[in-house]
Amino acid sequence: MADEQAMDEVVRFTSDLIRVDTTNRGGGDCQERPAAEYAAEQLAGAGLEPMMLERTRGRTNVVARIEGTDPSADALLVHGHLDVVPAEAADWSVPPFSGEVRDGVVWGRGAVDMKNMDAMILAVVRAWARQGVRPRRDLVVAFTADEEASAVDGSGFLADRHPELFEGCTEGISESGAYTFHAGGRQIYPIAAGERGTGWIELTARGRAGHGSKVNKENAVTRLAAAVTRIGEHAWPLRLTPTVRAALAELAALYGVEPDLDDVDGLLTKLGPAAKLVEATVRNSANPTMLNAGYKVNVIPGEAVAHVDGRYLPGTEDEFRVTLDQLTGPDVDWEFSHREVALQAPLDSPTYARMRAAVEEFAPEGHVVPYCMSGGTDAKQFSRLGITGYGFAPLKLPEGFDYQALFHGVDERVPVEALHFGVRVLDRFLRTA
């Protein structure tokens, strides 16, 4: 069992890591090294020998291995990223990089995404060092750079250039799972067993440049706008993966409704607030997000560009590509500016069962269900090494605490008690994994 010092440390580590501004603005504009040095120092204090690795100066990753008691067992990867998305201080109730602890809550950018989990990992590892605990299987602990952009300086770099550090790893855990989701008086703990694939797309329309006062049937802006509208209004068909089917079945049983998978939209309506856990993952999606064209109001440009955030379910990438070809039409070209695979993890694995058991031990009133993430994590890059990824960053949250809205949101924060719960559950799981 994690000790009281671990409970103090997880709060301090979360706060300290938040104070290290690791804002990732994309395009290489980030410096994770100070946070990496902090994490490495804590790991070294637990008797480990962390390695610090960089593809680009200042974009630092940390990797350490904890030897297990069973050398025949497969290793488990436990990973978290050190970078965070930008925060506009004027919009926040507290300075976003203050790490302030107020009324039992730790405030700041990264409090839920995902310096809280980083802190929980460090607290558990250090508690084990004090208690002389060793896990059953080898654990590889990794803190990565660049997850909030392309991951080329983080998990992508580690998977491609340092695969030997992950030798023996068959499974991994990271963010976005095992948190309390309150719905209709029930406490649900979704564990992620899948992710939609990432397809960030650049559209380019070309036409005939000319004077803004002249008739122009080859207007690049018009062509682009038409394609963007078709994409934004497209009704993607239902595509149920095994993970989503299981989620719908378990939620239907929990709420006592018929699990009619021939009428998924009707079933989602019957599930009420719990539908939020699955509604974004019953279909592919493509949302236009950026437009760029022209340089003067009376000049028709010869080219116009748009960006689309596309996401596709496991097994549907080919369909996604064909659909984009149809929606863009003959006058607009498209290509992936960033692409990563969709993931699916088995629900009948001993690892999933142990995650469920760990949550249920400390939240017996809760209901564990599987779910598929609508977005993606570093598990995509680590999957290149044959590592199956789960989302498991446990937090017990009070009713009314909108965890999902705080991801990349204003006033990001995490309750101290949630961190304590997370340490206990993570400790329990990792001891038995």
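Taking the charged nitrogens against the carboxylate oxygens, R356 and E250 do have a contact shorter than 4.0 Å, which makes a salt bridge. In this structure, R65 does not pair ionically with E167, as no charged nitrogen and carboxylate oxygen lie closer than 4.0 Å. Of the charged side-chain nitrogens involved, none lies within less than 4.0 Å of a carboxylate oxygen, so that E100 and R413 do not count as a salt-bridged pair. Ion pair E365/K396 flagged as a salt bridge, since at least one NZ, NE, NH1 or NH2 atom sits closer than 4.0 Å to an Asp/Glu carboxylate oxygen. Ion pair D160/R384 flagged as a salt bridge, since at least one NZ, NE, NH1 or NH2 atom sits closer than 4.0 Å to an Asp/Glu carboxylate oxygen. Between E361 and R424 there is no salt bridge, since none of the side-chain N atoms of the basic residue sits less than 4.0 Å from a carboxylate O of the acidic one. Taking a cutoff of 4.0 Å between a charged side-chain nitrogen and a carboxylate oxygen, D309 and R311 qualify as a salt bridge. A salt bridge between E147 and K380 is absent, with no side-chain N of the basic residue lying under 4.0 Å from a carboxylate O of the acidic one. Between D16 and R19 a salt bridge is recorded (basic side-chain N to carboxylate O distance below 4.0 Å). With respect to R283 and D265, a salt bridge is recorded, a charged nitrogen being found less than 4.0 Å from a carboxylate O.
A donor-acceptor pair under 3.5 Å links the side-chain atoms of R137 to the main chain of D74, judged by distance alone. Looking at R196, its side chain does come within 3.5 Å of a backbone N or O of S374 through a donor-acceptor pair.
Considering only heavy atoms from C-beta on, W128 comes within 4.5 Å of R431 through its side chain. No side-chain heavy atom of L203 sits under 4.5 Å from any side-chain heavy atom of D333. Counting heavy atoms from C-beta outward, V264 and L268 have side chains that approach closer than 4.5 Å. Looking at T180 and F401, their side chains never come closer than 4.5 Å, going by heavy atoms from C-beta outward. Side-chain contact between L122 and L43 is present, with heavy atoms from C-beta onward closer than 4.5 Å.
Ring geometry, F362 versus F421: the interplanar angle exceeds 60°, so the pair is classed perpendicular (tilted spans 30 to 60°). Classification of the Y312-F336 ring pair by plane angle, with boundaries at 30° and 60°, yields tilted. Ring geometry for F157 against H162 counts as perpendicular: the plane angle is over 60°, on a 0 to 90° scale with 30° as the lower cut. Using cut-offs of 30° and 60° for the angle between ring planes, the Y371 and Y179 rings count as perpendicular.
In terms of heavy atoms, L76 sits closest to C169 at C-SG, 4.2 Å. The minimum heavy-atom distance between V228 and A306, with the atom names listed, is CG2-CB, 3.7 Å.
A donor-acceptor pair shorter than 3.5 Å cannot be found between the side chains of S174 and Y390.
For the pairing with R59, the salt bridge (Lys or Arg N to Asp or Glu O under 4.0 Å) check across D29, D146, D83 returns one residue only, D146.
Ring centroids of F382 and H79 are separated by less than 6.0 Å, placing the two rings close together.
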Please determine whether ring pair (Phe, Tyr, Trp, His ring centres under 6.0 Å) holds for the pair F181 and Y189, giving the CA-CA distance in whole Å, both sets of side-chain angles, and the decisive distance to 0.1 Å.
CA-CA 6 Å; F181 183 92; Y189 287 84; over 10 Å; no
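With Y255 as the aromatic partner, R186 meets the cation-pi criteria of under 6.0 angstrom to the ring centre and within 45 degrees of the ring axis.
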